[in-house]
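No experiment lies behind these values; they were computed from the predicted model shown. All values below come from the heavy atoms of this structure, side chains included, with hydrogens, waters and symmetry mates left out.
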Amino acid sequence: MNKQLRKAVIAGNWKMNKTPTETAGLIGQLKSAVQNPGCEVVICTPFTSLPCAVDATKGSCLHVGAENVHFEASGAFTGEISAPMLTDLGVEYVIVGHSERRQYFAETDQTVNKRTLAALAAGLKVIVCVGESLGQREEGVTEELVRLQVKIALQGVTAEALKNVIIAYEPVWAIGTGRTATADQAQEVCAAIRRVVGELYGQPAADGLTVQYGGSMNAGNAAELLSKPDVDGGLIGGASLKADAFAAIVEAAGR
Ligand code: 13P
């Protein structure tokens, strides 16, 4: 019932895929495949595709996000992109703390927090990713770990700014493996995320928080995952690169 209080959000994370030229093509397909969605639809593209994505989605129901952001606004950080650079382009969303960034690019809970604060300050909506590895699940520490990740990511985030935060639960073992969490596993952790946000900000804020599941979500399993009371949306990798598969997930979320 509380589900009606919050926005369902389906976001595609294209990761390191699609040139700007290919981006224009895929967005063209997505615009015909996704029309009048019953949820918010976001596509997160590589930095180089963002200008094209913003341009190509104008006047459509598609919103554009980046996949990472630096925590300083400007300065001597060779190769980095700041939040004001993204907003100036017309980008609305950014993913922060994806497990691939934690794993390959030394992202920590502390830098996730800094990026979240910087992005919010610039007016971006932030999708904060959390989730456990297979080893951590087997050790039985999933809930504690995810609680910790959420608490540190949100340090210094005001209740007002929290309205621009989405938390994505992405179990690392389910990403790109074809091994989806069961709907019950996704529900259990998404509910735990909402609980910790409730402890930090109060129940109304927790009830309003959009929590996504991500990890091998596809056209076949989306409806069941999204039917769970605390799963408000999805963060989609592989299936977001195919217009039909992505549109089917969007449709499942709108039901
Ligand atoms: P897959 O959907 O390819 O498993 O990727 C999920 C993901 O990492 C989204 O951020």
**Report entry** side chain to side chain contact (heavy atoms under 4.5 Å, CB included) evaluation trace for L124 with N164
**Finding:** CA-CA 7 Å; L124 289 162; N164 288 320; over 6 Å; no
**Report entry** Test side chain to side chain contact (heavy atoms under 4.5 Å, CB included) applied to H63 and I43, step by step
**Finding:** CA-CA 6 Å; H63 301 260; I43 49 173; over 6 Å; no
Report task. Output, in order, the C-alpha distance, side-chain angles, deciding distance and verdict of side chain to side chain contact (heavy atoms under 4.5 Å, CB included) for V126 and I95. Result -> CA-CA 6 Å; V126 183; I95 298 171; over 6 Å; no
Query raised in the report: Are V172 and L134 close enough, and set up right, to give a side chain to side chain contact (heavy atoms under 4.5 Å, CB included), and what steps lead you there?
Result: CA-CA 7 Å; V172 179; L134 186 57; over 6 Å; no
Report task. Run the numbers on Q155 and N113 for side chain to side chain donor-acceptor pair (under 3.5 Å), then give the verdict. Result -> CA-CA 7 Å; Q155 290 276 320; N113 174 239; over 6 Å; no
Requested in this report: Show the numbers, then the answer: is there a side chain to side chain donor-acceptor pair (under 3.5 Å) between N221 and T180?
Outcome: CA-CA 8 Å; N221 60 29; T180 321; 3.1 Å; yes
**Report entry** Intermediate values then yes/no, side chain to side chain donor-acceptor pair (under 3.5 Å), E67 and W14
**Finding:** CA-CA 8 Å; E67 300 174 13; W14 287 11; over 6 Å; no
**Report entry** Worked verdict on Q149 versus Y169 for side chain to side chain donor-acceptor pair (under 3.5 Å)
**Finding:** CA-CA 11 Å; Q149 288 175 329; Y169 167 54; over 6 Å; no
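Hydrophobic clustering (ILVMFWY, side-chain heavy atoms < 4.5 Å, transitive): I236 and V9 are in distinct clusters. By the criterion of side-chain heavy atoms lying less than 4.5 angstrom apart, applied directly or through intervening Ile, Leu, Val, Met, Phe, Trp or Tyr residues, V69 is grouped together with V54 in one hydrophobic cluster. Taken together through direct or relayed side-chain contacts under 4.5 Å among Ile, Leu, Val, Met, Phe, Trp and Tyr, I81 and V94 form part of one hydrophobic cluster.
Taking 4.5 Å as the limit, every side-chain heavy atom of V141 sits out of range of all side-chain heavy atoms of E132. Residues V96 and V112 form a side-chain contact, since some pair of their non-hydrogen atoms from C-beta on lies under 4.5 Å apart. Side-chain contact between M217 and I249: present, with at least one pair of heavy atoms (C-beta onward) separated by less than 4.5 Å. The shortest distance between side-chain heavy atoms of V250 and C39 falls below 4.5 Å. Between K15 and H98 there is a side-chain heavy-atom pair separated by less than 4.5 Å. Residues T48 and T19 form no side-chain contact, since every pair of their non-hydrogen atoms from C-beta on lies 4.5 Å or further apart. Within the 4.5 Å cutoff, no side-chain heavy atoms of C61 are placed close to those of Q35. Looking at T177 and S216, their side chains come closer than 4.5 Å, going by heavy atoms from C-beta outward.
Of all heavy-atom pairs spanning G65 and V42, the tightest one is N-CG1, 4.1 Å.
In this structure, K31 places its NZ atom where more than 12 heavy-atom neighbours from other residues, nucleotides or ligands lie under 6.0 Å away. Annotation for Q136: atom CD counts as buried by contact number, over 12 foreign heavy atoms lying within 6.0 Å.
The existence of a salt bridge linking E188 and K228 is excluded, since no basic side-chain nitrogen approaches an acidic carboxylate oxygen closer than 4.0 Å. Salt bridge present: R102 and D109 bring a charged side-chain N and a carboxylate O closer than 4.0 Å. The pair D232-R194 meets the salt-bridge criterion, with a side-chain N (NZ, NE, NH1 or NH2) lying under 4.0 Å from an Asp/Glu carboxylate O.
Rounding to the nearest 0.5 Å places CD of E251 at 11.5 Å from CD1 of I10. Atom OG of S99 sits about 8.0 Å away from atom OH of Y104, to the nearest 0.5 Å. Rounding to the nearest 0.5 Å gives a distance of 10.0 Å between CG of L145 and CD of E139. In this structure, F246 CZ and L26 CG are separated by 9.0 Å, a value rounded to the nearest 0.5 Å. The structure places SG of C44 at 10.5 Å from CD of E92, a figure rounded to the nearest 0.5 Å. Atom CD in E40 sits 10.0 Å away from atom CG in L62 (nearest 0.5 Å).
Remark: H70 pairs with F77 by the ring pair (Phe, Tyr, Trp, His ring centres under 6.0 Å) rule, at least two apart or across chains.
In summary, of the residues considered (I127, V196, L154), a side chain to side chain contact (heavy atoms under 4.5 Å, CB included) with I167 occurs for L154 alone.
Pairs of residues two or more places apart, or lying in two chains, that qualify as side-chain hydrogen bond (donor to acceptor under 3.5 Å, both in side chains) and include a residue from residues 114-126 are E107-R115.
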